[in-house]
Amino acid sequence: MKRTVTAVHAQDPISQAGVTSQLRTRPETSLVEWSETADPAPEVVVLVVDTVDEDVLRLLRHITRTSKARPVLVTTDIDEQKLVSAAECGGAGVIRRAEATPEHLVHVIGTVAKGAGHLPSDLVGRLLEEVGRLQGQVLGPRGLHFTGLAAREVDVLRLVAEGYDTADIAAKLSYSERTIKNVLHAVITRLQLRNRSHAVAYAMRQGLI
């Protein structure tokens, strides 16, 4: 069994000692001190906090900026807004303290170490509702999408996927050929794609065309 190199950082010494003792005897994890010079470097950092405030967000940004470790938050207070903030700052997993049994914590550590994420199940539905609301009420009216593509960009890629060339697309959408070329170049550059075909494949994977 591969052991996940794990560090623990808590806001109080009792929590630090408690979570450390839970993980120390587990064959799935190998504990190290949390520091930027730890050797071996942790793959996962477990942060035990009361709530996701500015100090916690600053710490998440610091971890993701200075190391390859993926943070797991064990927190007492979490809602969809705080969840979004934590994700934006690099949080890969979130567990409520009340649900942080040794078995569950080890499972989430392993999941995050493999590159996946973990969220409390009840927050997933609420988060999806929030995403839908933002798309419909905020981004949609401005021609934007969570995928990073604007409505005009989606229209252009849809026609590229249907086999139309630049001149045909310009005529269909009432734009100049230069505008169509600029739209495609902007998409390819912004999303770091290779070419038009790659851009079409990206849009298809996102379910936009």
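Side-chain atoms of T4 and R70 form no donor-acceptor pair, as typed in the model, at a separation below 3.5 Å.
With sequence neighbours left out, Q11 forms a side-chain contact (heavy atoms from CB on, under 4.5 Å) with V49, D50, V56. Partners of H185 according to the ring-ring contact (aromatic ring centres under 6.0 Å, His included) rule, which considers only residues two or more places apart in sequence or in another chain, do not exist here. Contacts of Q192 classified as side-chain contact (heavy atoms from CB on, under 4.5 Å), with partners at least two apart in sequence or in another chain: none. Under the side-chain contact (heavy atoms from CB on, under 4.5 Å) criterion, T64 pairs with P71, sequence neighbours left out. Residues passing the side-chain contact (heavy atoms from CB on, under 4.5 Å) test with T20, sequence neighbours excluded: V8, Q16, R24, L31.
Remark: E33 CD is loosely packed, at most 12 non-hydrogen atoms of other residues, nucleotides or ligands lying under 6.0 Å away.
Among residue pairs with one or both ends in residues 61-94, none qualify as ring pair (Phe, Tyr, Trp, His ring centres under 6.0 Å); sequence neighbours excluded. Residue pairs meeting the ring pair (Phe, Tyr, Trp, His ring centres under 6.0 Å) criterion with at least one partner in residues 34-58, sequence neighbours excluded, are H9-W34. The salt bridge (Lys or Arg N to Asp or Glu O under 4.0 Å) pairs that include a residue from residues 58-67 are D55-R58, where partners are two or more places apart or lie in different chains. Residue pairs meeting the salt bridge (Lys or Arg N to Asp or Glu O under 4.0 Å) criterion with at least one partner in residues 4-15, sequence neighbours excluded, are absent. Within the structure, the side chain to side chain donor-acceptor pair (under 3.5 Å) test picks out no pair touching residues 106-116 (sequence neighbours left out).
Between D79 and V52, every side-chain heavy-atom pair lies at or beyond the 4.5 Å cut-off. Residues T75 and R96 fail the side-chain proximity criterion, which asks for heavy atoms closer than 4.5 Å. Taking the side chain as every heavy atom from C-beta outward, R97 and V48 approach each other to under 4.5 Å. Contact of the T6 side chain with the V72 side chain is not registered, since no non-hydrogen atoms from C-beta on lie closer than 4.5 Å. Residues I109 and T29 meet the side-chain proximity criterion, which asks for heavy atoms closer than 4.5 Å. Using a 4.5 Å heavy-atom cutoff, the side chains of V74 and V19 are not in contact.
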For residues 169-181, tabulate all N or O donor-acceptor pairs below 3.5 Å that involve a side-chain atom, not counting sequence neighbours.
unit_1: S176; atom_1: OG; unit_2: T179; atom_2: N; d: 3.1
unit_1: S176; atom_1: OG; unit_2: T179; atom_2: OG1; d: 2.9

Distance-only donor-acceptor hits, side chain of residues 82-95, under 3.5 Å, sequence neighbours excluded:
unit_1: K82; atom_1: NZ; unit_2: T51; atom_2: OG1; d: 3.0
unit_1: K82; atom_1: NZ; unit_2: D77; atom_2: OD2; d: 2.2
unit_1: S85; atom_1: OG; unit_2: Q81; atom_2: O; d: 3.2

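Atoms OG and CZ, on S21 and R26 in that order, are 12.0 Å from each other to the nearest 0.5 Å.
Of all non-hydrogen atoms in L193 and A199, the two that sit nearest each other are CD1-CA, 3.5 Å. Of all heavy-atom pairs spanning A69 and I63, the tightest one is O-CG2, 4.0 Å. Taking both residues in full, the closest heavy atoms of L157 and A203 are given as CD1-CB, 4.0 Å, listed atom of the first, atom of the second, then distance.
Exactly one of H198, R196, E153 qualifies for a side-chain contact (heavy atoms from CB on, under 4.5 Å) with V187. That residue is E153.
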Start with the C-alpha gap between R158 and D155, add the side-chain angles, then the distance that decides, and say whether salt bridge (Lys or Arg N to Asp or Glu O under 4.0 Å) holds.
CA-CA 5 Å; R158 183 179 294 110; D155 290 338; 3.2 Å; yes
